[in-house]
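Heads up: the structure comes next, in structure tokens.
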Amino acid sequence: MLKYNREQVKAMSGKEYEYAMCKELNDAGFKSEFHGEYYEYKPSEDTFGGNIVFDANAVSFLKQIGLINNGKCPMCSIREDEQQFLLRNQRSGATYHVCKTCYKRYASQEQAKRGCACCLGVFVIIAIIIWSIIKLFF
């Protein structure tokens, strides 16, 4: 059973939402890890994307009590009634719904980390052409 319903989550301000996530995690014994040290979660605009998202169990807990996937984007705290964008954190494997803006931002960051696939294709084609020219003359 959810502790928070959709209407309660949607009615929260961004600060209230961040506070609720941190309070629930702290009360349940979750800790934020930074360089081998553990700290209580503290509300800030990057609390979810900067800390919580890296702990799949914390994300799962927040889903179970109704704070995530329940009418508000956890990345930016903006109300989204029809969240259809599912993100997966590459490090923790945690999945959660976000707004369209955060989805686009995250997708472009991931693409930048991986690099452009078309650039690799162009590089391979150029390498094959150079190799073919070398084979013709030598």
Side-chain angles (χ1 to χ4, degrees):
M1 176 143 163
L2 301 178
K3 183 174 183 178
Y4 296 89
N5 66 41
R6 188 170 187 82
E7 294 308 313
Q8 289 172 311
V9 172
K10 285 171 37 177
M12 290 180 185
S13 70
K15 297 255 185 243
E16 290 171 328
Y17 186 57
E18 293 158 5
Y19 177 81
M21 284 194 291
C22 291
K23 180 183 181 327
E24 293 296 341
L25 289 172
N26 292 333
D27 289 352
F30 288 92
K31 299 285 184 192
S32 173
E33 189 269 329
F34 183 72
H35 294 296
E37 303 225 4
Y38 293 89
Y39 303 93
E40 285 196 340
Y41 286 101
K42 300 207 183 298
S44 74
E45 61 186 43
D46 66 343
T47 299
F48 184 81
N51 286 322
I52 297 170
V53 75
F54 297 112
D55 184 345
N57 292 327
V59 173
S60 179
F61 174 76
L62 292 174
K63 284 182 195 177
Q64 290 173 359
I65 63 171
L67 280 172
I68 295 182
N69 296 353
N70 206 6
K72 191 176 288 289
C73 175
M75 300 293 280
C76 68
S77 304
I78 294 174
R79 187 180 118 205
E80 286 292 322
D81 290 332
E82 296 179 24
Q83 292 177 338
Q84 301 175 42
F85 301 93
L86 184 67
L87 282 182
R88 180 178 184 272
N89 181 274
Q90 298 301 317
R91 192 166 121 194
S92 70
T95 59
Y96 47 94
H97 291 110
V98 295
C99 68
K100 184 177 183 177
T101 303
C102 288
Y103 181 81
K104 285 181 176 182
R105 184 179 319 133
Y106 178 83
S108 65
Q109 288 173 355
E110 284 301 306
Q111 184 178 19
K113 288 178 193 175
R114 289 189 303 257
C116 176
C118 61
C119 296
L120 179 60
V122 169
F123 177 74
V124 169
I125 291 170
I126 291 172
I128 291 171
I129 291 170
I130 292 171
W131 181 77
S132 299
I133 292 170
I134 291 172
K135 284 293 191 181
L136 277 173
F137 294 106
F138 296 103

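The basis for the numbers below is simple: all heavy atoms, side chains too, and nothing from hydrogens, waters or symmetry mates. Note that the numbering runs from 1 along the sequence shown for the chain. Note that this is a predicted model, so its numbers are computed, not measured.
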### Query
So, the side chain of N26 versus the backbone of Y41: is there a donor-acceptor pair under 3.5 Å, distance only?
yes

### Message
Given 3.5 Å as the limit, does a donor-acceptor pair link the side chain of S92 with the main chain of V53, or not?
### Response
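Indeed, once roles are kept as given, a pair shorter than 3.5 Å links the two residues.
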
Counting C-beta onward and ignoring hydrogens, is there a side-chain heavy-atom pair between [X] and [Y] closer than 4.5 Å?
X   : Y   : answer
I52 : T47 : yes
M21 : F48 : yes
L67 : M12 : yes
N51 : K31 : no
L62 : L25 : yes
L86 : Y96 : no

What is the distance from atom [atom1] of [X] to atom [atom2] of [Y], rounded to the nearest 0.5 Å?
X   : Y    : atom1 : atom2 : result
K10 : N70  : NZ    : CG    : 9.5 Å
C76 : D46  : SG    : CG    : 13.0 Å
C73 : Y103 : SG    : OH    : 13.0 Å

### Query
Which class fits the ring pair F30 and F61: parallel under 30°, tilted 30 to 60°, perpendicular over 60°?
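Ring orientation of F30 relative to F61: tilted.
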
### Task
Please say whether more than 12 non-hydrogen atoms of neighbouring residues, nucleotides or ligands are located less than 6.0 Å from CD in E33.
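Yes, enclosed.
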
### Other residues, nucleotides, ligands: >12 heavy atoms within 6.0 Å of F54 CZ
yes

### Message
Do K72 and Y17 form a cation-pi contact, if we require the NZ or CZ to be under 6.0 Å from the six-membered ring centre and within 45 degrees of the ring's axis?
### Response
yes

### Query
How about K15 and S44: does a side-chain donor come under 3.5 Å of a side-chain acceptor?
no

### Query
Cut-off 3.5 Å, side chains only: do Y4 and E24 have a donor facing an acceptor?
yes

